[in-house]
Amino acid sequence: MGEVMEHEFCAVYLSGTGNTKFCVSRLLKLLDEGAPCVAIEDMVASSTVAAHEKIVLGYPVQYSNAPKLVRDFILQNMELWRGKRVLCLATMGAFSGDGAGCAARLLKKCGAKILGGLHLKMPDSVCDSKLLEKSGEEKRDLIRRAEEKIGHVAEGIKGGKYPRDGLGFFAHIAGLFGQRLWFYGKTRKYCDKLKIDGARCVGCGVCARLCPMKNLTVEGGVAVPHGKCTMCYRCISRCPQRAITLVGKEVVEQYRAEEFVGE
Ligand SMILES: Cc1cc2nc3c(=O)[nH]c(=O)nc-3n(C[C@H](O)[C@H](O)[C@H](O)COP(=O)(O)O)c2cc1C
Ligand code: SF4
Ligand code: SF4
């Protein structure tokens, strides 16, 4: 316990394909090296929040909203947030008016103080849509720019200035009318649209081991989804048989941040 309290900051994040994990850990390293940085599905996520004063909460934007798992984590641990000071960090492939604001508003309802909001553009995790395909160079460039922004933001925070991405009134309107209103049905509940191609699946169980929702099991040699997917794309980006799809019908090119950041 003494060791945990040494740090002012901690971070809790959801990351399907590694973008958010990369961004959150980079920022935390610059702000408070060695501070705990835990995945939201980790059993110690809530006790880590409880033990710290300042929290970076990171997640990927989905249809200009925070993922259902992140919203549930906030609301199911309401009492945890009272008096905490939170920086909401949202990663995105293209656009999110108020990606950081979505969690910030819920956290405020739980009694947290919002330190700031940070938006970072990263390669798209949706790898089963041709429309979102980018070259390796474009992906590296996005990551390099995000790293630069993280560096500037960390300097600002050390000087007491937090970023305000996605927190203002106009950001809220942009997120709401830009996407959330039209696509709210997609993030309202856990998703039951994950598709497994039984002809491709070899029942290796990689997806079941990785899923933060424990949404997949292998039955009779084939993976079976159970309708509580938080759309993180982790299984889709890792299945060795490219047997899993969600938004599209076929995996175009699996994406994992670690292959582009060299970590
Ligand atoms: C279901 C889904 C919906 C998404 N919606 C958006 C969106 O509305 N706007 C956007 O800019 N990116 C969107 N993205 C892209 C991700 O937010 C982005 O790639 C993010 O950095 C992935 O982070 P991760 O690697 O930590 O999972 C979406 C991704 C998924 C899987
Ligand atoms: S990772 Fe792919 S091949 Fe392995 S069980 Fe899951 S769907 Fe099947
Ligand atoms: S089923 Fe796949 S996409 Fe859905 S939450 Fe689990 S790992 Fe993520």
Side-chain angles (χ1 to χ4, degrees), residues 13-25 39-41 58-70 89-100 102 119-129 131-132 134 139 142-143 146 166 174-176 178-180 182-184 186-187 190-248 251 254-261:
Y13 64 85
L14 170 65
S15 190
T17 60
N19 287 345
T20 313
K21 180 180 180 185
F22 169 77
C23 293
V24 164
S25 38
I40 202 164
E41 67 271 22
Y59 51 88
V61 164
Q62 293 179 348
Y63 301 104
S64 285
N65 202 354
K68 173 82 170 134
L69 171 57
V70 173
L89 182 161
T91 67
M92 60 205 64
F95 161 82
S96 116
D98 59 345
C102 290
H119 285 180
L120 294 161
K121 202 168 157 187
M122 290 286 280
D124 214 296
S125 53
V126 175
C127 61
D128 52 357
S129 162
L131 285 175
L132 298 168
K134 284 196 174 66
K139 288 175 191 159
L142 278 171
I143 295 171
L176 190 63
Q179 276 210 86
R180 204 160 50 254
W182 328 116
F183 294 111
Y184 183 59
K186 295 193 186 285
T187 51
Y190 287 109
C191 172
D192 59 2
K193 303 279 185 283
L194 199 80
K195 303 173 281 281
I196 314 268
D197 181 343
R200 285 178 177 240
C201 174
V202 293
C204 68
V206 166
C207 55
R209 283 194 292 281
L210 291 172
C211 176
M213 294 300 303
K214 300 201 186 327
N215 179 45
L216 295 153
T217 50
V218 177
E219 291 166 27
V222 178
V224 180
H226 296 283
K228 53 184 175 88
C229 170
T230 194
M231 299 192 290
C232 75
Y233 265 68
R234 197 182 293 169
C235 60
I236 303 166
S237 71
R238 299 279 186 124
C239 169
Q241 296 295 115
R242 299 183 169 207
I244 316 176
T245 51
L246 177 56
V247 169
V251 173
Q254 288 169 314
Y255 169 73
R256 277 186 266 160
E258 70 211 39
E259 288 173 4
F260 293 89
V261 299

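Every number for a ligand or one of its atoms is a count from 1 in the order of the listing. Note that the numbering runs from 1 along the sequence shown for the chain. Just so you know, these numbers use all the heavy atoms, side chains as well, and skip hydrogens, waters and symmetry mates.
- Summary of contacts: the protein heavy atom closest to atom 4 (Fe) of ligand 2 is C204 SG, 2.2 Å.
- When the heavy-atom distances from atom 22 (C) of ligand 1 to C229, P60, G16 are ranked, the shortest goes to P60.
- Residue G93 has at least one N or O atom closer than 3.5 Å to an N or O atom of ligand 1.
- The proximity of P123 to ligand 1, defined as any non-hydrogen pair under 4.0 Å, is limited to the backbone.
- Separation of the Y233 and Y255 ring centroids does not fall under the 6.0 Å cut-off.
- Applying the 4.0 Å criterion to heavy atoms of P240 picks out, from ligand 2, the atoms 1 (S).
- Contacts between Y63 and ligand 1, counted as non-hydrogen atom pairs separated by less than 4.0 Å, involve both the backbone and the side chain.
- Atom 4 (Fe) of ligand 3 has C229 among its coordinating residues (N/O/S atom, backbone or side chain, under 2.8 Å).
- Not one N, O or S atom of C201 sits under 2.8 Å from atom 6 (Fe) of ligand 2.
- With a 4.0 Å heavy-atom cut-off, ligand 3 is reached by the side chain of N215 but not by its N, CA, C or O.
- Of the candidates V126, D128, V61, the one placing a heavy atom closest to atom 6 (C) of ligand 1 is V61.
- Given atom 6 (Fe) of ligand 2, the protein heavy atom at minimum distance is C207 SG, 2.3 Å.
- Every atom of ligand 1 with a heavy atom of T20 under 4.0 Å away is listed here by number and element: 23 (O), 24 (P), 26 (O).
- When each atom of ligand 3 is checked for a heavy atom of C211 under 4.0 Å away, the hits are 1 (S), 5 (S), 6 (Fe), 7 (S).
- Nearest residue to atom 2 (Fe) of ligand 3 from S237, P225, A208, C235 is C235 (criterion: closest heavy atom).
- Counting heavy atoms under 4.0 Å from ligand 3, residue L216 touches it through the side chain alone.
- Close approach to G203 involves these atoms of ligand 2, each under 4.0 Å from a residue heavy atom: 5 (S), 8 (Fe).
- Proximity to L194 (heavy-atom distance under 4.0 Å) selects the following atoms of ligand 3: 1 (S).
- The main-chain N or O of N65 is never found under 3.5 Å from a side-chain atom of Y59 such that the two would form a donor-acceptor pair.
- For ligand 1, the polar-atom distance check finds an N/O of A94 within less than 3.5 Å of one of the ligand's N/O atoms.
- At a 4.0 Å cut-off, at least one heavy atom of P212 sits close enough to ligand 3 to count as contact.
- Applying the 4.0 Å criterion to heavy atoms of Q241 picks out, from ligand 2, the atoms 3 (S).
- If you number the atoms of ligand 1 from 1 as listed, the ones under 4.0 Å from a heavy atom of Y233 come out as 31 (C).
- Neither the backbone nor the side chain of L210 has any atom closer than 4.0 Å to an atom of ligand 3 (non-hydrogen atoms only).
- Ligand 1 lies out of reach of A257, whose nearest heavy atom is not under 4.0 Å from it.
- Of all atoms in ligand 2, numbered sequentially from 1 with element shown, those under 4.0 Å from a heavy atom of V202 are 3 (S), 8 (Fe).
- With respect to the salt-bridge test (charged N to carboxylate O, under 4.0 angstrom), the residues E258 and R238 qualify.
- The protein non-hydrogen atom at the shortest distance from atom 3 (S) of ligand 3 is Y233 N, 3.3 Å.
- Heavy-atom proximity to I244, at under 4.0 Å, picks out these atoms of ligand 2: 7 (S).
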